[in-house]
Amino acid sequence: MISFELGVEDLADTRFAVSPLSETVLSLRVLHDPGLSVLHLPWRRSVLDALAAFDGSDTDLLMSLVATRLTLPDFVTPRPTSFAPSFEDELAVVRRTPPALVRRDLLAAHAPDPLPAALHSATAADDSAVAALRDTICELLHRYWEIAIRPLWPQIRLVVEADMTYRARRLAMGGARLLFADMHPSLRWSDGVLRIDKMLSTHHVRASGRGLLLVPSVFAHKPAPPVSPEEPPALLYPSRGVATLWAPVPAHDSHGPAAAGSALVPLLGAPRARLLGLLAEPLATVEIARRLRVTPSAVSQHLRVLHAAGLVTRARHGRQVLYRRSGLGDQLATAAPGEAGPLA
């Protein structure tokens with residue numbers, strides 16, 4: 001078990017961040033073990049086909065970052081220094097990692113097993129060999145990002161930012177206890193300590209004013225704190241809404257979350273009733289349009305009407321505006337399910 005002891009100042013300094021590099025690195029676990037998430041299998045098949053263009057030794061080195069126990073070296077997932085750093089900015093941090101830390105993190109991630117052959121140069125006493133290995137890893141991660149994650153990054157970012165909005169709302173409603181209550185079964189909050197069960201490592205970290213960084217991830221299958229107890233408290237955790245990345249909401253569905261109450265169709269019209277049924281979670285206009293397979297402008301027109309009627313709320317999150325059902329909208333949407341037609 002790993003635990004974080006958080007004081008009042010640490011809770012006040014709890015923040016969220018988006019990390020394209022962490023998503024890139026965590027996705028390697030799904031390539032390594034397809035059983036981690038069946039939701040990602042279509043993505044995995046397409047990426048494995050694309051990786052065929054890599055040299056075999058390059059693929060071996062990239063995949064060797066994932067240990068047998070699925071742990072990852074801390075230095076390839078640096079703590080984001082801003083809310084949404086670019087992939088290039090995060091990779092630049094990795095390139096500046098001192099060789100001693102590269103060596104420490106690779107050995108810690110693979111312990112008690114020996115390092116794979118592709119990483120053997122990390123054991124060299126000569127720091128220049130370790131630095132060369134670090135730079136090669138960075139080059140491969142950049143190539144991998146370009147083919148595996150970058151094409152999907154806009155959709156991934158929408159999903160994780162919607163999760164942040166949900167978590168921030170729970171924090172505002174019920175404090176840290178409610179924030180962590182449904183994040184993952186392995187997380188427990190009590191008496192100022194966040195406990196992360198079922199970890200291979202065992203250590204206790206006092207935040208001591210360093211705060212807590214929370215990073216939602218579509219590729220995380222469980223909470224992932226830093227391996228080293230020397231790192232500041234941070235937690236990569238599974239984001240909500242991952243299924244929406246690969247499975248668009250069907251155009252006609254009278255049983256799923258997008259279905260509206262039968263009484264809403266004559267009241268609002270089928271398009272707005274369907275839209276209201278979809279907004280159980282905060283979503284941006286472009287994500288709503290993607291799920292419903294319509295244009296953002298069509299969605300915007302209906303959102304304006306629903307907002308004017310007090311059925312949806314909106315809040316700016318970075319450069320986006322996220323929409324969610326209001327309390328009144330929730331009451332209407334929980335009526336008996338009925339058929340709602342496509343948005344038009």
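Just so it is clear, the model here is predicted, and its values are computed rather than measured.
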Next item on the list: Any chance you could measure Arg44, atom CZ, to Leu39, atom CG, to the nearest 0.5 Å?
Entry: 14.5 Å

Notebook entry, point to check: Quick one: do Leu276 and Val305 end up in the same hydrophobic cluster if we chain Ile, Leu, Val, Met, Phe, Trp and Tyr together by side-chain heavy atoms under 4.5 Å apart?
Noted result: no

Notebook entry, point to check: Between the main-chain N or O of Leu21 and the side-chain N or O of Glu90, is there a donor-acceptor pair closer than 3.5 Å?
Noted result: yes

Notebook entry, point to check: So does Glu281 pair up with Arg291, basic N to acidic O under 4.0 Å?
Noted result: yes

Notebook entry, point to check: Rounded to the nearest 0.5 Å, what separation is found between the NE2 atom of His221 and the OG atom of Ser37?
Noted result: 10.0 Å

Margin query: If hydrophobic residues (ILVMFWY) are linked whenever their side-chain heavy atoms come closer than 4.5 Å, directly or via other members, who joins Leu178 in its cluster?
Written below: Met173

Check: Are any of the side-chain heavy atoms of Phe87 and Arg150 separated by less than 4.5 Å?
Finding: no

Note to self: I'd like to check Pro73 versus Val227 (side-chain heavy atoms, cut-off strictly below 4.5 Å). Are they in contact?
What the structure shows: no

Next item on the list: Answer with yes or no after comparing the ring centroid distance for Phe4 and Trp189 against a 6.0 Å cut-off, counting only values under it.
Entry: no

Check: Do Val76 and Asp105 have side-chain heavy atoms sitting under 4.5 Å apart?
Finding: no

Notebook entry, point to check: Does the side chain of Leu311 come within less than 4.5 Å of Arg325's, by heavy atoms?
Noted result: no

Next item on the list: Return each pair, listed once, that meets side-chain hydrogen bond (donor to acceptor under 3.5 Å, both in side chains) where at least one residue sits in residues 122-133; pairs must be two or more places apart or across chains.
Entry: Arg103-Asp127, Asp126-Ser128

Item checked: Crowding at CD, Glu9 (>12 non-hydrogen neighbours, <6.0 Å) -> no

Next item on the list: For His204 and Pro229, indicate whether the former's side chain and the latter's backbone hold a donor-acceptor pair under 3.5 Å.
Entry: no

Margin query: Using side chain to side chain contact (heavy atoms under 4.5 Å, CB included), reason through Arg240 and Arg167 one step at a time and then give a plain yes or no.
Written below: CA-CA 10 Å; Arg240 302 169 76 249; Arg167 300 292 171 197; 3.5 Å; yes

Next item on the list: Ignoring hydrogens and angles, state whether a donor on the side chain of Ser19 or Arg79 is under 3.5 Å from an acceptor on the partner side chain.
Entry: no

Next item on the list: Would you please classify the geometry between the Tyr237 ring and the Phe16 ring as parallel, tilted or perpendicular, with 30° and 60° separating the classes?
Entry: perpendicular

Next item on the list: Check the pair Ser27, His40 against side chain to side chain contact (heavy atoms under 4.5 Å, CB included), reporting the backbone distance first and the verdict last.
Entry: CA-CA 9 Å; Ser27 73; His40 294 315; over 6 Å; no

Margin query: Check whether Thr24 reaches the backbone of Pro20 with its side chain - one donor and one acceptor, N or O, closer than 3.5 Å.
Written below: yes

Notebook entry, point to check: Are any side-chain N or O atoms of Asp74 and backbone N or O atoms of Glu231, one a donor and one an acceptor, separated by less than 3.5 Å?
Noted result: no

Note to self: Has Arg134 got a side-chain atom pairing as donor or acceptor with Thr97's backbone, closer than 3.5 angstrom?
What the structure shows: yes

Item checked: Presence of salt bridge, Arg210 and Asp10, under 4.0 angstrom -> no

Next item on the list: To the nearest 0.5 angstrom, please state how far the CZ atom of Arg206 sits from the OG atom of Ser3.
Entry: 9.0 Å

Notebook entry, point to check: When you look at CZ of Arg169, are more than 12 heavy atoms from neighbouring residues, nucleotides or ligands closer to it than 6.0 Å?
Noted result: no

Note to self: Looking at Glu139 and Arg143, is there a salt bridge between them, counting it only when a charged N and a carboxylate O are closer than 4.0 Å?
What the structure shows: no

Notebook entry, point to check: Quick one: hydrophobic cluster around Val286, which other residues, with the 4.5 Å side-chain cut-off, linked directly or via members?
Noted result: Leu158

Margin query: Quick one about Asp58 and Tyr144 (side-chain donor to acceptor, distance below 3.5 Å, no hydrogens or angles considered), yes or no?
Written below: no

Next item on the list: Using atom types as modelled and distance alone, determine if a side-chain donor or acceptor of Arg29 lies under 3.5 Å from a backbone N or O of Leu70.
Entry: yes

Check: Is the shortest side-chain N to carboxylate O distance from Asp182 to Arg170 below 4.0 Å?
Finding: yes

Checklist line | Point-to-point distance, once rounded to the nearest 0.5 Å, from CG of Leu6 to CG of Leu212 | finding: 5.5 Å

Checklist line | Interatomic distance, Lys222 atom NZ to Ser217 atom OG [nearest 0.5 angstrom] | finding: 13.5 Å

Notebook entry, point to check: Would Leu51 end up clustered with Leu28 when hydrophobic side chains under 4.5 Å apart are linked, directly or stepwise?
Noted result: yes

Notebook entry, point to check: Which pair of heavy atoms, one from Pro238 and one from His184, lies closest together, and at what distance?
Noted result: CG-CD2, 4.0 Å

Notebook entry, point to check: Just checking, is any N or O donor in the side chain of Ser86 or Asp89 under 3.5 Å from an acceptor N or O on the other one?
Noted result: yes

Margin query: Could you check whether any side-chain heavy atom of Val25 comes within less than 4.5 Å of a side-chain heavy atom of Trp145, counting everything from C-beta outward?
Written below: no

